[in-house]
Amino acid sequence: MQADPDIILAATGICKSFPGARALDTIDFTLRRGEVHALLGENGAGKSTLIKCLTGAYHRDEGTILLDNSAVDPRNTLDAQNMGIGTVYQEVNLLPNLTIAENIYLNRQPRRFGFTATGVMNRMAADLLSQYGLDLDVTAALGSCSVAVQQVVAIARAVDLSGKVLILDEPTASLDAQEVEMLFRIVRQLKARGLGIVFITHFLEQVYAVSDRITVLRNGRLVGVRDTAALPRKDLVAMMLGRELETEVEAGAKRNDAAGKVRYRFSGYGKGGKIEPFDMEVREGEVIGIAGLLGSGRTETAEVLFGAVRADKGTAEIDGQAVTLNSPRAAIRHGFGFCPEDRKIDGIVGDLSVRENIVLALQARRGWSRPLSRAEQDRLADRYIKALDIRTSDREKPIRLLSGGNQQKAILGRWLATDPNFMILDEPTRGIDVGAHAEIIRLIEELCAKGMSLVVISSELEELVVYSSRVVVLRDRRHVAELSGDEITTSHIVNAIASAESPAS
Amino acid sequence: MIRTVQQLALRLLPQVIALAIVLAMIAAVFPGFFSFSFQNGRLYGSIIDILNRGAPVALLAIGMTVVIATKGIDLSVGAVMAICGAVAAASATHGNPLVVTLALALATGIVCGIWNGFLVAVLDIQPIIATLVLMVAGRGIAQLVTEGAILTFNDEGLIFIGGGAFGGLPMPVVIWIVFGIAITALVRRTALGMLIEAIGINRRASTLSGIQTPVLLIAAYTLSGLCAAIAGVIAAADIRGADANNAGLWLELDAILAVVVGGTSLLGGRFSIAASLLGAMIIQAINTGILLSGFPPEFNLIIKAVIIVVILVVQSPKIRTISSFFARPARQNGGER
Amino acid sequence: MKFVNALASATVLAACFLSPVNAADLTVGFSQIGSESGWRAAETTLTKQQAEKRGIDLKFADAQQKQENQIKALRSFIAQGVDAILVAPVVATGWDEVLQEAKDAEIPVILLDRTVDSKDDLYMTAVTSDLVHEGNVAGKWLVDTVAGKPCNVVELQGTTGSSPAIDRKKGFEEALAGKDNLKIIRSQTGDFTRTKGKEVMESFLKAEDGGKNICALYAHNDDMAVGAIQAIKEAGLKPGTDILVVSIDAVPDIFQAMAAGEANATVELTPNMAGPAFDALEAFRKDGTLPKKWIQTESKLYTQADDPKKVYEEKKGLGY
């Protein structure tokens, strides 16, 4: 491998652990000259951790990085930049109040007698950008330009500074189709100049449009490296979501039998710019699984159902009665509960104790003037700590000190304490250890058996197959398919996602 | 129950120690410090002066604690004091009965608080900016009410609030202690305290859990406005006049300092009104101590700053970590929070 | 401009020749700082009253604490060709140009209450009070009143570092110099406010044996004295009797206290700066007498013997 002169960057055996989690587990990654290499994976797969290890933002625990066949060890991003590894992030981190030229030459302005030679700098900047086919007023403030132009300016700066490896971290997330095309033109141009380009995105069509090779990560492990041309979309989705398609998980036999009458009916329900209008019926005692890639509108669906995002289209009915769910509070009054995807930001109240976190939703529903007595609180907390096996030394411990799985169980406990009829779980098993994982799946089945209705979002397809009575598949913020009965297998779900992505493959 | 009492004692320990040290320092420079007497139907002595003079900051600190617990801040309280004092004085000189005067003044404070709360909770303006509006405009409003002069009044009832005594204690002392206990009971006997703490720690998670975040935020700023109104009435009654230029001047900073000395984080979350009240008394003890000491006035601010820096440094988490390293390991179990 | 100048000087000349000093023909511009304090409001009221009494047509401009507004007002007065300009300057510097313009237009300018850093030939005169002298008058009164008996004095200073605080302290100490029976035992700032005056006085009383050690209080302004009087009363002592109270400014509220026997004396910082200014102006127009460059206002001493009730009624309406 070292002998291959084509390889510009080679990372071998990269490991990185955070307290309580192994974020990267012996990852190998190679980048050739003149190659666009897509780095793919769901949230938490380890993409950004890997990038941060390559650019020195994190210090890796183990592994070697060879740049141009010599070992490097960047201590920070500046260091990496000087070695030749430049990065452009989704949110351009340049200074919007400075001019384009100043941004490009920030910290390395051409000087004359110790003063910035503005004229020289502007000329250099204009020349540089013309190489990218841009004819811009380089004295304009960067903030006055479109995001796409800002991206290009950031790329121009990074390439000019580093010139060997360019890492693009979701550069297209906020661009429209034309702007994406402009960006890709520049990417191809840079590729022709012999740069190695790492491209991170979750838009699969862009992966196929621009990349030469694909590396897929999943749960901190390397799933595989393929040539883009030789990898059908279906297989790519399978790599990202499922394990081996052969290990088909058998669905529970009782499915559909237990499901009762339709309790919740959402018709033409949606929110402009978030999720296209959809129809959904949820029966008593059934689990609706929601599958789709990141950014497909999974979380948006959950938030609209719960009222966290106010629906601007459609109607909601409970037991045939029209209801208005315009806030979480309204939804909770109707017996809804919601475990959000991002526990840290949307779920736990870190400095409060486990007890207080468990009673929070029930207390909020009762109102401030009808407090739960301390004895009741203790009883509820103890009950759910025991029932959900929340591992904590003490119910008075601040919840932020608990592990991810135990935090998740405490939030489940928070909702169970309100005795809900309808629960929305967004990625309930993400980022938690195997034991807790199994317990949560068992819990979902138990709740379902007791007659509760659930909507569960998960990127773990095997999981969905186990407990869902129906699976809704999402793509591009749209509900595109609904599978039920025997259709619910991981391969069917993968097919639905992939074929929806592109009928061609 | 015993456990909660223990927790409370542990929570207040740093403030109690700081106060004791400050008082001991004053007693060292001024030996007659702890002496008491009873005259004109009220207790009389330096300790009483501290309790009495500290009343406005103590009252402001009650509201400020709750606002800070929501991860907010209220810079307008000093100006609101001036407005409410002016309203009270104007009403008294107009010949209104005491009840009407008090109702008007307190209602004014409540309106100011609702305004702040509206800006923060509904328009989602950063608290420091939102309350700056009234901080700047408030004194102008107060001057409009007093027409630029010190508006003096002779309403005996109103004067009693500032200078009278109840059970041997000056009225301002009675008012802040009773109000402090009442508000503490209100937030701790109901679920308000926990819900406010939840909002301050994680507003989004709180909203998703069904807490009426905007309502509680407005309530917090309204309480702060009410506290400022009471403080303003006391300040005006104390000098029998409303001084729009000087009433409550810079007291918002003293109130914030009292909360910080009381150990409530400016980042919101866990709060203790009792600790903030102790903080207010620590600040006032320093002020009174400086006056009693007889140092030239040029030293006043330096002495105050040095003592407060020492208190804050001793309370800082880093120092606590270092000291708990030297302390017996037993303290580490219960000593936190 | 030339034409206006010529016209203006012609008017001045004409006025000199034609009138047997009939002030009714006078038009005077007055640029006031603003209305930041009761005293300032009283000064405005008195200036208007004085003008009316003398039949002067007063053009009033409120600068709202901004020098640029004052300069604008002065230019507009010059353009209007007024006979004289009164100005209470908000700051000391930056007046040269506009004062020169007034001089070129031969319009006399009189400074009220504060002075400027310009050459003194750019204005006719300045009418101000002498802060050191005020302190001195208060000190002299105390020296005379205690008449050789030993007396411990406590002092409530103004805002630390402000010129009234420094000068009033200096004048008072000068008056007490060499009088061994009088001793300033405590001196602390009360920030010119009632609240702080009261609070600091409370601490003085505690520190000096419940006030038994204190024979007199000297406050740099009346407001602090009013606050301190309340503190003395609450300590169970009689202000004005057990503790003598002397202060400066002569605002209406102190006369109420004097009428009640709770304050003994105050030194007036007169808001009537316009009176002497108009006097000087009329004298100049009558026979060309140039006044001195500094007209010091009288620092009049009021005591309980001066019918404080009547003075209070007089002063009450002035806008303090």
Side-chain angles (χ1 to χ4, degrees), chain B residues 29-33 35 37 39-42 44-50 52-54 56 85 143 146-152 154 159 162-165 170 234-236 238-243 245-251 284 287-301, chain C residues 34-42 44 154-161 165 169 185-211 222-224 226-231 233-237 251-253 256-257 316 318-320:
Chain B
V29 247
F30 181 68
F33 179 62
S35 65
S37 64
Q39 58 190 59
N40 294 344
R42 53 173 276 194
Y44 187 80
S46 293
I47 296 286
I48 302 295
D49 276 358
I50 292 174
N52 193 17
R53 288 290 141 217
Q143 277 165 354
T146 63
E147 292 164 349
I150 296 181
L151 195 56
T152 48
N154 289 307
I159 290 168
I234 288 177
D238 180 41
I239 58 166
R240 303 165 183 216
D243 184 346
N245 285 316
N246 297 306
L249 192 62
W250 308 125
L251 286 199
Q284 187 56 44
N287 287 340
T288 303
I290 290 169
L291 295 180
L292 288 171
S293 67
F295 287 121
E298 288 80 0
F299 290 98
N300 289 5
L301 299 178
Chain C
S35 54
E36 76 280 6
S37 66
W39 184 87
R40 187 67 61 193
T44 305
V154 294
E155 180 183 28
L156 287 171
Q157 300 182 27
T159 306
T160 308
K169 183 173 172 59
I185 51 170
R186 278 184 182 260
S187 182
Q188 200 18 287
T189 177
D191 282 336
F192 284 131
T193 68
R194 287 191 192 191
T195 314
K196 287 285 282 180
K198 185 172 182 187
E199 177 178 356
V200 174
M201 191 65 204
E202 278 177 358
S203 74
F204 286 170
L205 292 165
K206 300 291 177 325
E208 298 299 336
D209 195 15
D222 290 340
D223 276 332
M224 291 190 291
V226 169
I229 286 167
Q230 287 171 22
K233 283 201 282 190
E234 282 169 19
L237 296 175
V251 302
D253 281 348
Q256 271 193 315
K316 201 172 66 171
L318 293 180
Y320 271 108

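These values consider heavy atoms only, across backbone and side chains, with no hydrogens, waters or symmetry-generated copies. Throughout, a chain's letter reflects where its sequence line sits, starting with A, and its residues are numbered from 1.
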Q: Sort C/R186 into side chain, backbone, both or neither according to what part of it lies under 4.5 angstrom from a heavy atom of chain B.
A: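 The side chain, not the backbone.
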Q: Going by the rule salt bridge (charged side-chain N to carboxylate O under 4.0 Å, His left out), which residues pair with C/E199 if we only count those two or more places apart in sequence or in a different chain?
A: none
Q: Ignoring hydrogens and geometry beyond distance, is a side-chain donor-acceptor pair present between B/D238 and C/Q230 at under 3.5 Å?
A: no
Q: Checking heavy atoms, do the side chain of B/F33, its backbone, both or neither come under 4.5 Å from chain C?
A: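 The answer is neither part of B/F33.
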Q: I'd like to check B/N246 versus C/D191 (side-chain heavy atoms, cut-off strictly below 4.5 Å). Are they in contact?
A: no
Q: Below 4.5 Å, heavy atoms only, C-beta onward: do C/I185 and C/V154 meet side chain to side chain?
A: yes
Q: For C/K196, is it the side chain, the backbone, both or neither that has a heavy atom under 4.5 Å from a heavy atom of chain B?
A: neither
Q: Is B/T152 close to chain C through its backbone or its side chain, or both, or neither, when contacts mean heavy atoms under 4.5 Å?
A: side chain
Q: Can you sort out the partners of C/E234 under salt bridge (charged side-chain N to carboxylate O under 4.0 Å, His left out), two or more places apart, ordered by chain and number?
A: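 C/E234: salt bridge (charged side-chain N to carboxylate O under 4.0 Å, His left out) contacts with B/R42, C/K198.
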Q: Between B/S35 and chain C, with a heavy-atom cut-off of 4.5 Å, which part of the residue counts as in contact: side chain, backbone, both or neither?
A: neither
Q: Top residue by heavy-atom pair count (under 4.5 Å) with chain C, among B/G45, B/A235, B/P31?
A: B/G45
Q: Against chain B, work out which of C/A41, C/A235, C/S187 has the most heavy-atom pairs shorter than 4.5 Å and name it.
A: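 Between C/A41, C/A235, C/S187, the count favours C/A235.
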Q: Please flag which part of C/Q157 lies under 4.5 Å from any non-hydrogen atom of chain B: side chain, backbone, both or neither.
A: side chain
Q: Answer whether the closest heavy-atom distance between the side chains of C/V200 and C/L156 falls below 4.5 Å.
A: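 Yes, close enough: below the 4.5 Å cut-off.
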